[in-house]
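Lettering follows sequence order; numbering is per chain, from 1. All values below were derived from every heavy atom in this structure, side-chain atoms included, with hydrogens, water molecules and symmetry-related copies excluded.
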There are 2 protein chains.
Amino acid sequence: MPTIKEIATMASVSRSTVSRVLNDSGYVSDEARKRVEQVIKETGYMPSVQAKALRTKKTKVIGVIVPTIRTETSSRLVAGMDYILAEAGYQVLLATTNQEREKELEFLQLLQTRQVDGIIFAATNVEPTLIEKINCLSIPITVIGQEIDGVPNVLYDDYHAAKDLTQLLISKGHKRIGFIGVNEKDRAVGYLRKKAFLEMMKRASLNVETGWVQEGIFDIHSGYVATEKMLAYSKQLPTAIFAVTDRLAIGAMQFLKQHNYRVPDDIAVVGIGASEISEHLTPALTTVDYQYEQAGRQAAMLLIQQLNVKESVTKKIVLDYRLLDRDSV
Amino acid sequence: MPTIKEIATMASVSRSTVSRVLNDSGYVSDEARKRVEQVIKETGYMPSVQAKALRTKKTKVIGVIVPTIRTETSSRLVAGMDYILAEAGYQVLLATTNQEREKELEFLQLLQTRQVDGIIFAATNVEPTLIEKINCLSIPITVIGQEIDGVPNVLYDDYHAAKDLTQLLISKGHKRIGFIGVNEKDRAVGYLRKKAFLEMMKRASLNVETGWVQEGIFDIHSGYVATEKMLAYSKQLPTAIFAVTDRLAIGAMQFLKQHNYRVPDDIAVVGIGASEISEHLTPALTTVDYQYEQAGRQAAMLLIQQLNVKESVTKKIVLDYRLLDRDSV
DNA sequence: AAACGGTGTGGTATCGATACCACAAATTGT
DNA sequence: ACAATTTGTGGTATCGATACCACACCGTTT
C-alpha cells in the first residue's frame with residue numbers, strides 16, 4: 001500500500017494537496033484534483049487509519065461493553081447498535097465482561113486508551129465506583145438498561161412493564177401468583193421488576209406466600225429449579241408464575257409440563273423479553289417485548305447525536321414496550 | 001493524559017528510556033526504571049495506542065466477520081473467539097455482513113486498512129472473487145465453517161454429521177424421511193448436509209418423494225411453512241423429518257403439534273446445531289452439537305498461532321460433533 | 001497604481017510512540 | 001594497563017497522516 005507521500009509524488013503535487021482532495025477541504029484546482037484521483041484509483045491507495053487517528057484523535061470506532069454476547073438479549077442489542085453505527089461509518093469494538101465488576105472498570109479504561117470515539121455500555125451492577133468512573137470519563141458514553149445520573153440513558157420501563165404484566169394475571173382472575181426473580185443487585189431486572197410485582201399484589205390485596213418467591217440466575221435450568229422449589233414449599237399452589245425473563249419462564253414451563261401440570265389451565269406462566277422462541281412454544285408464551293434491537297438502535301443514535309453536537313447531552317430515553325398476550329395465561 | 005515526553009521529563013530521562021521501561025526491552029538501570037515507574041504510577045499514564053500502532057504496525061485488534069450477530073450460532077461463535085482473544089490481549093472488532101456478498105469483500109478491505117492484526121471470517125457463500133480476495137490478503141486470516149484452500153480453516157463435519165443423523169433415523173425404522181434444507185449456495189449447510197442425506201437414503205434403498213424435500217431460510221417460521229408444504233404435497237406422509245438446522249426443526253415441530261401430529265410417534269423430527277432451547281422442548285429435540293463456542297475458540301487459537309509463528313500456516317481443523325439422541329425420534 | 005480579497009499550492013510542525021545508532025561508562029579479559 | 005565487551009542513555013529519524021501558515025497568483029476595487 002502506497003503512502004500519501006508517494007501519491008503526492010506520482011500526481012506531482014504536495015502531500016497537502018492530496019490531503020485536501022481526500023478530505024474535500026480547502027481549495028484544490030480541478031486539474032490537480034483529477035490527477036490525484038486518477039493516481040488514487042490506479043494504485044488503490046487507502047489512507048492509513050492509524051496515522052489519521054493519531055493526528056485527528058478520531059478513530060471511527062465505538063466501544064460496546066456488554067455482560068456477554070451469548071444471550072439473545074445482548075446479541076440483539078448489539079445487532080441494533082451495529083446497524084446504526086455501521087450506517088454512520090463507525091465500527092464496533094466489542095468488550096464482554098462476564099458480569100465481573102472489575103472488568104467493567106477495566107474495559108472502560110481500556111476503551112478510553114484505545115481512543116474509541118464513544119462507548120455504549122450495557123451495565124448490570126451499578127455501584128458507586130463504577131458511576132464515578134463513568135462520570136470522569138473523557139469520552140461520550142451512553143448507558144443502556146440501568147439508570148445512571150449525569151449520562152445519557154436508554155432505559156427499559158421495567159417497573160411499568162412488570163406492573164402491567166402482574167395486572168394482566170390479576171385481571172384474568174389469578175389470586176395466587178408465584179414469582180421467579182434474579183439477584184436484586186441488578187437494579188433493573190432484579191429489583192424493579194420485583195418491586196412492581198409486589199406492589200401490584202399488595203394493591204390488589206393479594207397475599208404472597210414466602211415459598212412463592214424464588215430466585216434464579218439467567219439460564220433456563222434455574223427457572224426449572226426455582227419452579228420445583230416453589231411448588232415444593234407452597235402451602236397452597238400458585239395458579240400463575242411470573243418469571244422475570246423468558247428463559248426462566250421456559251424453565252418453569254418445562255418443569256410444569258414434565259410434572260403433568262397443564263399450562264395455562266393448572267398454572268399460567270409469563271415471562272419478559274419476547275425471545276424468538278417464545279411465540280413458538282406450546283403454549284405460546286405471554287411476555288413483554290422490549291424490542292432489544294430497537295433499544296440498541298436508540299442507544300447508538302443517542303451516542304451519535306452526542307458525537308455530532310460535541311457537548312455532553314444528558315438525555316434519557318425510556319423505551320416503549322409491548323405486552324404480548326398469548327396463550328400461556 | 002500525559003505523553004511519553006512528559007513522563008521522560010518528569011523522570012529526568014529520555015523518551016527512549018521510558019520506552020524501554022514500557023516495553024521491557026534493552027538495558028535500563030534499576031534506578032532509572034524505578035523513577036520512571038514511579039512517575040507512571042503517579043500520573044496514571046497509559047501509552048497512546050494510536051501512536052504505538054502507527055510505529056509498530058500492530059494493533060492488538062482482530063477483525064471478526066460474521067453474517068449476523070443475532071443468531072445463536074454466530075453469537076456463540078463470537079463468544080468463543082472473544083474468550084481466547086481477550087486472554088491473549090486482543091480485542092474484537094465486529095463486522096456483520098447480513099449475508100450480502102459485497103459486504104464480505106468490503107469488510108475484508110476495511111479491516112485491512114484498519115490494520116487489524118488478523119481476521120476471523122465466518123463465511124457463507126464462497127465464490128471465486130471472494131476466494132481471490134482472501135488469498136491476496138496481507139493479513140493472517142482464519143476461515144470458519146466453509147472450506148477454502150490455501151488458508152487455515154476450522155470446519156464442521158457437515159457431511160458426516162448429516163450422514164450419522166440420517167443413519168439414526170433409518171436405524172430406528174424410518175423409511176419415509178422428509179428433508180428441510182436451505183439454499184445450496186451455502187456449501188456447508190445447504191449443499192453438504194443435503195448430499196449426505198440423499199446418499200444415505202440411496203444407500204439404504206429408500207425412496208425420497210419430491211414433495212418430501214423442501215427448502216427454508218434460516219428462521220423458525222420457514223420451518224413451519226416447509227413442513228406445511230411437505231405434508232400437503234406428499235403422496236404418502238413421511239414418518240420423520242430431517243431439518244438442517246434446529247430452528248427449522250422447531251418450526252416443523254410447531255406445525256406438527258398444532259395440527260395434532262404427535263412427535264415422535266406420528267412424525268419424528270431432528271435438527272442440527274444443539275441450540276440452547278433444543279433440550280428444553282417437549283419432546284427434547286434430537287440434534288447434532290457442533291459446540292459453536294468451542295469452534296470459535298479453535299478458530300481464535302488457530303489465528304493466534306499464525307500471529308506468533310509469523311508465517312502462514314494452512315492447517316485445517318475438522319471439529320468433532322456429538323449426536324444428541326433425545327426424545328424427538 | 002496600490003491595496004485587497006479570493007484561490008490554489010507547498011512547506012513545516014505535529015500527533016505520540018518505537019527503531020536504531022552513537023557514544024559514554026562500567027566491567028571484563030588477557 | 002589496555003583492549004574488548006557489556007551496560008546504560010540520549011539523539012534523531014520515522015511511522016503516515018492533518019493543521020496551519022506563508023506565499024504566489026489572479027481579478028476587483030478605490
Pairs where residues 59-75 of chain B contributes a residue and the test salt bridge (charged side-chain N to carboxylate O under 4.0 Å, His left out) is met, not counting sequence neighbours: A:Glu293-B:Arg70, B:Glu72-B:Arg76

Residues of residues 24-35 of chain A with a heavy atom under 4.0 Å from any atom of DNA chain D, listed by number, are none

Please examine the side chains of A:Arg114 and A:Val61, heavy atoms only from C-beta on, and report whether any two atoms are closer than 4.5 Å. no

Which pairs count as salt bridge (charged side-chain N to carboxylate O under 4.0 Å, His left out) when at least one residue sits in residues 18-40 of chain B, sequence neighbours excluded? B:Asp24-B:Arg33, B:Glu31-B:Arg35

Nearest-nucleotide wise, let me know which of B:Ala51 and A:Arg55 is further upstream toward the 5' end of DNA chain D. B:Ala51

Run the ring-ring contact (aromatic ring centres under 6.0 Å, His included) test against B:Phe107 and tell me which residues pass, sequence neighbours left out. none

Strictly by salt bridge (charged side-chain N to carboxylate O under 4.0 Å, His left out), give each pair with a member in residues 42-56 of chain A just once, sequence neighbours left out. none

How far does the helix from C:dA1-D:dT30 to C:dT30-D:dA1 bend, going by the axes of its first and last five pairs, to the nearest 10°? 50°

Taken in chain and number order and not counting sequence neighbours, the residues that satisfy salt bridge (charged side-chain N to carboxylate O under 4.0 Å, His left out) with A:Asp82 are none

What residue pairs, at least two apart or across chains, pass salt bridge (charged side-chain N to carboxylate O under 4.0 Å, His left out) with a residue in residues 116-133 of chain B? B:Arg101-B:Glu127

Is there any ring-ring contact (aromatic ring centres under 6.0 Å, His included) pair reaching into residues 6-64 of chain B, and which pairs are they, with sequence neighbours excluded? none

With a 4.0 Å cut-off on heavy atoms, is A:Ser48 in touch with a base, just the backbone sugar-phosphate, or nothing at all? sugar-phosphate

For a 4.0 angstrom threshold against heavy atoms of chain A, report the outermost contacting nucleotides of DNA chain C in 5' to 3' order. C:dT7 to C:dG16

Who are the ring-ring contact (aromatic ring centres under 6.0 Å, His included) partners of B:Phe121, not counting sequence neighbours? none

For a quick check of understanding: with a heavy-atom distance under 4.0 Å over all strands, which category does A:Ser16 fall into, base, sugar-phosphate or nothing? base

Name all residues meeting the side-chain contact (heavy atoms from CB on, under 4.5 Å) criterion together with B:Ala86; count only those two or more places apart in sequence or in a different chain, and write none if there are none. none

Mind checking B:Val49 for me? I need base, sugar-phosphate or nothing, with any heavy atom below 4.0 Å counting as a touch. nothing

